[in-house]
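Lettering follows sequence order; numbering is per chain, from 1. All figures in this text were calculated on a predicted structure; none of them were measured in a lab. All values below were derived from every heavy atom in this structure, side-chain atoms included, with hydrogens, water molecules and symmetry-related copies excluded.
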4 protein chains.
Amino acid sequence: MARGVNKVILVGNVGGDPETRYLPNGNAVTNISIATSDSWNDKQTGQRQERTEWHRVVFFGKLAEIAGEYLRKGSQVYVEGRLQTRKWQGQDGQDRYTTEVIVDIGGQMQMLGSRNDDGGNRPPAARQSPPRENRPAPAAAQRQAPEPPPAADYDSFDDDIPF
Amino acid sequence: MARGVNKVILVGNVGGDPETRYLPNGNAVTNISIATSDSWNDKQTGQRQERTEWHRVVFFGKLAEIAGEYLRKGSQVYVEGRLQTRKWQGQDGQDRYTTEVIVDIGGQMQMLGSRNDDGGNRPPAARQSPPRENRPAPAAAQRQAPEPPPAADYDSFDDDIPF
Amino acid sequence: MARGVNKVILVGNVGGDPETRYLPNGNAVTNISIATSDSWNDKQTGQRQERTEWHRVVFFGKLAEIAGEYLRKGSQVYVEGRLQTRKWQGQDGQDRYTTEVIVDIGGQMQMLGSRNDDGGNRPPAARQSPPRENRPAPAAAQRQAPEPPPAADYDSFDDDIPF
Amino acid sequence: MARGVNKVILVGNVGGDPETRYLPNGNAVTNISIATSDSWNDKQTGQRQERTEWHRVVFFGKLAEIAGEYLRKGSQVYVEGRLQTRKWQGQDGQDRYTTEVIVDIGGQMQMLGSRNDDGGNRPPAARQSPPRENRPAPAAAQRQAPEPPPAADYDSFDDDIPF
DNA sequence: TTTT
DNA sequence: TTTT
C-alpha cells in the first residue's frame, strides 16, 4: 500500500557495465548509471546546447539479475522506479545525501533496440557473481574524483521491505 | 528536443509553505518539499512499517507563480517534472550534490482535493513578491542542522534554457 | 515479463458509483468511468473552451475490492494501468471495439483528497457482494442510447493471466 | 490548463509505415499503430503465453512531421500522449467509438535504438506529402477486415485547440 | 517538514 | 456520468 505516488521513468544509455553484488540472504543488487540528455538552441548565441543528466539506478531482486546479465556500457534502456535519498558519512564525518532511482517489485526494466546496439554479438555476462569489494567511482564522477557514496548497506534487505 | 526521457511523477503532501523568489529577468522560481509515503507489514515483527520520502521540487516560470500562490503546507499535489542534480560547495570546500525535481515547460502541476483540504477558506497568498534575499535554511535541515544546499543560482535563467 | 511498455496514468473524477462483480473463481472486477478535462482559450472567439474525456477503467483483484468499497461518484482518484482493447459483437452482428484502462497487479490506485470530498461522512460501502446479474447500461450510453459494450467475459480470469 | 491528468506512455514497435496528411492550415497529422506485448507462463498448461496490444497513435504538429519522416514499419519508439475517444458513423449509420493516443504539444516521441534497427541504412522518407485519400485498413485489423474508422476530421485544427 |  |  502507499499513500502517494513516487515514480521515475527514464530512457537513456548506461554509462558503464553494471555492478552486481549479493546480499547475505542471496538477493541480488545491481547498480548502473543512466545518462539522459536534452538539447536546445541557445537564444543568445544561437548555438546548439546540450546537457546530460546522470542518474544512479539500483535494481533489486529478479530485475537486478537481469540487469546485471544483459545490460552493458552503452545499452539503451527503459527504467521505471522510485526516488529514494539515503544518507551516508563522508570521510570527514559530514553527512552526505545521495538520491537514487530504486527499481524493484513495482518497477520495470526494458532493454531497447533490437540487438546489442553497442557490442554486436557479445554474449551476456556469465551468471556468476563475485561480490566486488571495491566499487570504482562511477563514470560520471571521474572528472575530478569527488568522494563517491558507498554502496548502500542493504543487508537487512527482505522481501517484506519494499525497496 | 531530447535524446532520452527523464520524467518524475509525484503525488504527495507539501511539507511547508512554498518559497518563491524572482530572478533578475523577472521569472519566478518556487521551491517546495513533497512527502510521499509507503507502508507495509514487516514480515519479521508483523508490525506495520512506514517510510516517508522527501522530494525537493523546483518550479519555474508560470507554474512557479501558481505554485507559490496556491500551494500551502499540507496541500496534496500532483507534480510532473524531471530529475536534475546540481553541485554546490560546502563550507568545507567539498563538493556536494543535490537532486531536485524540476518542473517547468513540459512539466505539470495539479492541486488535488476539491477544496483547500488543509486550511479551510484561507485565501491564496497575496500576489506580490519581495525577492527574499536571505533564504532561510529549509525545514528539512533543522533537526540536526546538516549543511543545506544553497538556493541554486539561476540568474542566467532564460526561456532558452530548458530548466 | 513484457516486451514493451503500456502505461496509462489518470487523475480525475469518478462519474458514478463503482460496479463490482465477482468471477466464478471469486476474484472481484470493478468498473468505473473517470473524467479528465482540459480547458483553454479559443484563439478565434477568445472564449474559454473545455473538453472532458471519459475513460473506462476496470480493476481486478485486490484493487477491485478497494475501488468498489471506497470510490464513489465524484471521488477524485489517481489510477495507473494499461490500455486494452477488446472486441465484442453488436446486436447487428458487427464487430465493435472498446478500449479500457486495466488496473491489476502492476497498476496502482490512490484516492485523493484528505476526506470524502463528495459525500461528507458517508461510510464506505458495506463489504458484501451480491453478483449483479443484470448490469445496467452504463450512464454514458443513456443520452441517445448507443449500444453499450457488454461487460467483458472474464470468467477465465486467473492469476496466471496478467489482466 | 487542465483539471486532471490524462497520460499514456508506450514503448513498442510500429506496425506499418506512418501515414501523414496535411490539414488545410498546413499542419501535419501522422497516424501509426504501435504494438506492445506481454508474455507470461500459463499456470494451467505451463506454456508460455503472449498477448499483443495494438495502439492507434496520432501525432500533430512538429512531431507529426518528425514521425512521418523517421519512423518506419518495425521502428521501436517511445511515445507519450493522452487518450482521446472520438465518435464516427459506420456505413450502417450506427455510432462507433475509437480510442486513440494523441501526441501533440505536451507529448513526446523518441526513436529508440542507435540506428535504424529495421531497415539498415535506408534514408528517411522524402519530405513531401501527397494526402492519401484512401487510408488502408490498419495492419492490426487486416485479419478479417472489420470496418476501419475514418481518419478524423481535424480541419478545424488550430494551435488554440489542445489536441 | 506532509499526510492517513 | 465527474469536477472547477
remark   = All heavy atoms of C/S75 vs all of C/Y70, minimum pair found to be OG-O, 4.4 Å
ask   = With sequence neighbours left out, what residues match C/A64 under side-chain contact (heavy atoms from CB on, under 4.5 Å)?
value = C/A28, C/T30, C/F59
message = Expressed as a whole number of angstroms, how long is the span from B/Y78:OH to E/dT3:P?
response = 22 Å
remark   = Rounded to whole Å, the NE2-P distance (B/H55 to E/dT1) equals 18 Å
Nucleotide of E/dT2, F/dT1, F/dT3 approaching C/N13 most closely (side-chain heavy atoms) = F/dT3
ask   = Starting at CZ of B/R48 and ending at P of E/dT4, how long is that distance when rounded to a whole Å?
value = 16 Å
request  = Apply side-chain contact (heavy atoms from CB on, under 4.5 Å) to the pair A/R96 and A/K87, showing each step before the final yes or no.
outcome  = CA-CA 6 Å; A/R96 311 274 162 127; A/K87 184 162 72 171; over 6 Å; no
query = Could you give the CD-to-P distance, from B/Q76 to E/dT4, as a whole number of Å?
reply = 9 Å
query = On DNA chain F, nearest-nucleotide positions of C/E50 versus C/G16: which is more 5'?
reply = C/G16
key: Between P of F/dT3 and CD1 of C/I34, the distance in whole Å   = 13 Å
Length of the line joining B/L71:CG and E/dT2:C1', which is rounded to integer Å = 12 Å
note = To the nearest angstrom, the CG-C1' distance between C/D38 and F/dT4 comes to 13 Å
ask   = Of the candidate nucleotides E/dT3, F/dT3, F/dT1, which contains the atom at the shortest distance from the side chain of C/S37?
value = F/dT3
request  = Quickly work out the C/L10 CG to F/dT1 C1' distance and round it to whole Å.
outcome  = 16 Å
task = Compare the aromatic ring of C/W54 with the six-membered base ring of F/dT1 and state whether they stack according to the 5.5 Å and 30° rule.
result = yes
ask   = Of the nucleotides E/dT1, F/dT1, E/dT2, which one has an atom closest to the side chain of C/K73?
value = F/dT1
message = Can you give me the closest heavy-atom contact between D/T85 and C/E53, atom names plus distance?
response = N-OE2, 2.6 Å
Sugar-phosphate, base or nothing in reach of C/T52, heavy atoms under 4.0 Å = base
Salt bridge (charged side-chain N to carboxylate O under 4.0 Å, His left out) partner of B/E100, the single match among B/R56, B/R86, B/R82 = B/R86
